[in-house]
2 protein chains.
Amino acid sequence: MPSEDRKKNRVTLLDVARHAGVSRATASLVIRKSPLVGAETRTRVEEAMRELGYVYNMGAARLRAERSHTVGVIVPNLTNPFFAELLSGIEAVVDSAGMVVIVANSGDSVERQDRLMRRMREHGVDGVILCAAAGTGPGFLHQLTEHSLPLVQVLRHISDDIDYAGVDYAGGMRQAVDHLASLGHRAIAFAVHGPVHSAYRERVEGFRDAMRSCGLNPDMIVRLPNQIREIAAAAHLLFDGAKQPTAVVCFNDVIALGLAAGLYDRGLRVGENFSLVGFDDVTDAEAMRPRLTSVFTAPVAIGENAARLLLDRLTDPSCQPRRVVKEPQLHIRQSCGPVAAPVS
Amino acid sequence: MPSEDRKKNRVTLLDVARHAGVSRATASLVIRKSPLVGAETRTRVEEAMRELGYVYNMGAARLRAERSHTVGVIVPNLTNPFFAELLSGIEAVVDSAGMVVIVANSGDSVERQDRLMRRMREHGVDGVILCAAAGTGPGFLHQLTEHSLPLVQVLRHISDDIDYAGVDYAGGMRQAVDHLASLGHRAIAFAVHGPVHSAYRERVEGFRDAMRSCGLNPDMIVRLPNQIREIAAAAHLLFDGAKQPTAVVCFNDVIALGLAAGLYDRGLRVGENFSLVGFDDVTDAEAMRPRLTSVFTAPVAIGENAARLLLDRLTDPSCQPRRVVKEPQLHIRQSCGPVAAPVS
DNA sequence: CTCACCGTTTAGATCGATCTAAAAGCTTTT
DNA sequence: AAAAGCTTTTAGATCGATCTAAACGGTGAG
């Protein structure tokens with residue numbers, strides 16, 4: 001019977017209102033669960049929505065209300081499992097606040113990051129969670145907040161004036177070094193790779209401070225290839241220096257896994273005549289043999305923290321900038337042992 | 001007064017037009033790179049945009065043009081590195097088409113998936129890439145496409161009438177089984193876990209078919225715990241049956257890594273007296289020792305395929321449903337060897 | 001009887017872009 | 001000189017919601 005062939009099948013709020021015998025405004029109030037509307041009217045409208053199969057049009061709402069129920073997330077690398085877990089934590093909290101996540105990958109390039117940030121603003125996101133690309137200056141961030149775009153830094157810290165959710169890398173390094181020192185190790189190397197950003201510097205400085213406060217030489221820092229598959233073959237770099245390490249702290253678990261493989265290839269037995277500590281504690285740490293002792297940095301929890309920080313700021317845009325820094329935790333497994341005879 | 005700034009300071013297309021001495025409509029044409037507008041006018045408008053610091057308002061544009069430049073992606077698990085790579089491939093293609101990705105996590109629950117899909121429609125996404133939660137019926141998908149929502153299935157195949165990007169799991173299984181058979185293995189188990197969905201069934205059936213066509217018993221299917229950390233301890237399940245396997249094909253690399261650890265704990269030497277083939281070829285396959293022989297399923301490329309499929313459908317919504325099925329590739333490394341003396 | 005007041009409902013303006021159809025400016029043809 | 005044809009520009013309607021300020025019906029106080 002209803003053969004009024006509308007160009008679009010789209011059901012609008014006006015259709016719902018008419019069907020329920022009220023005005024557009026009232027129907028709008030029902031949707032937004034306003035207490036202003038009478039109980040009987042409410043049920044009538046809700047029923048009409050159901051009968052017509054109405055779907056809310058955020059786009060129209062956002063235009064008027066200047067609220068998009070959308071948050072942007074920019075990370076430097078989506079394939080890294082660590083960022084995947086971070087994203088997962090963010091998504092969970094954002095979703096439960098009834099909002100959605102727009103995700104983008106800066107590939108650690110500031111130019112791309114610039115473009116993406118512009119796109120985020122074009123899409124009218126209510127706020128952005130940013131793991132800044134290496135080389136991002138504080139000016140870039142302040143420029144955004146001055147455009148009154150709520151912003152949260154995650155994992156990489158650029159400016160004190162802007163919310164930040166991250167990890168106490170220095171504390172994590174202290175735990176790793178203390179653990180190795182307590183096993184008798186004195187020549188401990190630090191294996192790094194990847195782009196240089198605030199988290200990188202914090203880890204390196206954290207390692208050096210920890211070594212110094214144990215009275216050990218903090219300068220055995222070994223740079224490895226960025227390509228994951230080249231790490232194993234580069235394990236020899238650990239022993240190219242003057243002083244021969246008996247243990248190594250790794251910048252992350254990717255390096256730890258690569259080095260474990262490379263050390264195995266060189267005939268060393270990790271956990272017996274060489275010790276290895278990872279960083280991040282990805283799920284593989286538990287799966288490899290020997291099980292990897294690693295500093296757990298709880299990426300999912302950090303993502304949740306970042307999202308909560310942003311949601312808080314959305315409700316009160318003028319509150320003081322906050323820092324939420326999570327204490328990591330050393331998970332001791334099998335990859336470290338007492339210091340053994342020096343290796344040739 | 002930053003909140004007031006937001007309203008007052010917002011530069012609209014009208015401001016740009018006035019500043020350039022043209023009408024709103026002309027300015028709009030310039031933005032959309034229409035050939036209709038004169039060269040001199042174009043540069044004048046572009047200059048005005050730059051001077052005023054104009055940012056495009058997608059929200060307003062979408063309302064009128066019914067195009068949001070947004071695609072939804074729903075995956076069953078964000079923390080799984082495999083899906084992270086998939087997402088990465090999708091994001092790259094979508095981004096280079098000038099659109100953005102809204103990502104959501106169904107947690108393999110059809111109820112959540114239902115909610116998320118509704119939210120996607122509320123946000124007016126132009127299309128959705130869906131890795132359907134286990135238990136999703138074809139009716140759910142058809143209901144969506146009948147609402148004229150462009151849809152692409154990825155990795156899990158529910159309906160033939162809807163675009164699909166995935167992997168030839170059966171072909172991958174054939175390669176894995178053939179490889180083991182050529183090494184002399186005749187008692188080959190298949191280790192599975194996780195929820196049952198189309199990809200699950202395809203892998204299981206692929207394995208069974210491959211075994212049958214080698215004249216081998218296809219029924220040694222061993223179910224392992226879903227929890228990653230429990231897999232290693234469950235390795236004994238492989239040997240609980242009547243027939244003792246000399247090799248195992250794994251449902252994915254997560255299982256392979258877990259079993260490798262568990263077999264090591266039982267004193268078996270993978271690649272020497274027991275053989276192991278993984279599936280997916282995550283980056284860790286290369287990093288573990290012995291290096292894992294695994295079937296590479298190219299998640300990034302599949303994500304790219306899915307995104308391209310969706311973009312094509314957006315430009316021509318009425319084209320025939322297509323299937324893009326990628327052929328996986330067996331990466332032979334060190335975890336398989338010739339059949340050895342039966343294990344006790 | 002009027003007025004103020006309450007909870008509820010509504011008409012009409014509004015957000016910032018795009019679309020449509022027509023006008024304006026120019027050249028070329030009749 | 002008028003008509004026709006082309007390119008370029010524009011006014012005004014429009015998308016589907018929210019916001020504002022006022023109206024509405026009913027009650028109780030003055």
Side-chain angles (χ1 to χ4, degrees), chain A residues 6-46 48-49 52-70 119 121-126, chain B residues 3-4 6-46 48-49 52-70 119 121-126:
Chain A
R6 208 154 277 231
K7 286 176 192 170
K8 303 284 171 186
N9 258 8
R10 202 178 214 338
V11 179
T12 104
L13 200 51
L14 183 57
D15 299 325
V16 172
R18 272 203 283 253
H19 194 262
V22 297
S23 75
R24 233 163 48 255
T26 308
S28 175
L29 291 175
V30 170
I31 284 183
R32 287 174 288 155
K33 308 196 196 309
S34 159
L36 288 174
V37 62
E40 191 265 348
T41 316
R42 153 160 294 131
T43 56
R44 211 167 65 240
V45 172
E46 282 170 344
M49 294 189 351
L52 298 181
Y54 171 74
V55 303
Y56 187 61
N57 185 331
M58 276 282 182
R62 110 183 346 181
L63 178 58
R64 190 69 238 268
E66 311 229 300
R67 189 87 202 280
S68 70
H69 294 271
T70 283
R119 193 166 287 175
R121 291 175 60 203
E122 292 182 347
H123 277 272
V125 296
D126 292 334
Chain B
S3 59
E4 207 147 345
R6 184 124 152 122
K7 278 194 175 177
K8 298 266 177 187
N9 262 9
R10 201 178 213 334
V11 180
T12 107
L13 200 51
L14 183 57
D15 299 326
V16 171
R18 272 203 284 252
H19 194 262
V22 297
S23 75
R24 232 165 44 257
T26 308
S28 176
L29 291 175
V30 171
I31 284 185
R32 285 174 290 154
K33 308 197 194 310
S34 160
L36 288 175
V37 61
E40 192 264 349
T41 316
R42 152 160 294 129
T43 56
R44 213 166 63 240
V45 172
E46 281 170 346
M49 294 190 347
L52 298 181
Y54 171 74
V55 304
Y56 186 63
N57 185 332
M58 277 280 182
R62 113 184 343 183
L63 179 57
R64 189 69 237 266
E66 312 230 298
R67 187 92 201 281
S68 70
H69 294 270
T70 282
R119 193 167 287 172
R121 291 175 60 202
E122 291 182 349
H123 277 272
V125 296
D126 292 334

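Treat the numbers as computed from the prediction; the structure is a model and nothing was measured.
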For [X] and [N], give me the distance from atom [atom1] to atom [atom2], rounded to whole Å.
| X | N | atom1 | atom2 | value |
| --- | --- | --- | --- | --- |
| A:M49 | D:dA17 | CE | C1' | 14 Å |
| A:L63 | D:dT18 | CG | P | 11 Å |
| B:M58 | C:dA17 | CE | P | 11 Å |
| A:H69 | D:dG16 | NE2 | C1' | 15 Å |
| A:L14 | D:dT18 | CG | P | 13 Å |
| A:E66 | D:dT20 | CD | P | 12 Å |
| A:I31 | D:dA17 | CD1 | P | 7 Å |
| B:E122 | D:dT18 | CD | P | 11 Å |

Show your reasoning for whether side-chain contact (heavy atoms from CB on, under 4.5 Å) applies to A:H19 and A:V16. CA-CA 5 Å; A:H19 194 262; A:V16 172; 5.7 Å; no
Side chain of A:N57 only, heavy atoms from C-beta on: which candidate in C:dC19, D:dA17, C:dG16 is closest?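 Nearest nucleotide to the side chain: D:dA17.
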Roughly how far, to the nearest 0.5 Å, is [atom2] of [Y] from [atom1] of [X]?
| X | Y | atom1 | atom2 | answer |
| --- | --- | --- | --- | --- |
| B:N57 | A:L63 | CG | CG | 6.5 Å |
| B:R18 | B:L52 | CZ | CG | 10.5 Å |
| B:R32 | B:Y56 | CZ | OH | 7.0 Å |
| B:R62 | B:T70 | CZ | OG1 | 5.0 Å |

Hey, does the side chain of [X] come within less than 4.0 Å of [N]'s phosphate (OP1/OP2), counting only N and O?
| X | N | value |
| --- | --- | --- |
| A:T12 | D:dA17 | yes |
| A:R42 | C:dT8 | no |
| A:R32 | D:dT18 | yes |

Which protein N or O atoms sit under 3.5 Å from an N or O of nucleotides 8-13 of chain D?
residue: D:dT9; atom: OP1; partner: B:T41; partner atom: OG1; Å: 2.3
residue: D:dT9; atom: OP2; partner: B:G38; partner atom: N; Å: 2.9
residue: D:dT10; atom: OP2; partner: B:S23; partner atom: N; Å: 2.8
residue: D:dT10; atom: OP2; partner: B:S23; partner atom: OG; Å: 3.3
residue: D:dT10; atom: OP2; partner: B:T26; partner atom: OG1; Å: 2.7
residue: D:dA13; atom: N6; partner: B:R24; partner atom: NH2; Å: 3.2

Residues in side-chain hydrogen bond (donor to acceptor under 3.5 Å, both in side chains) with A:R24, at least two apart?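 A:R24 satisfies side-chain hydrogen bond (donor to acceptor under 3.5 Å, both in side chains) with no other residue.
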Short question: side chain of B:R42, backbone of B:S34 - any donor-acceptor pair under 3.5 Å?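 Looks like yes, one N/O pair under 3.5 Å.
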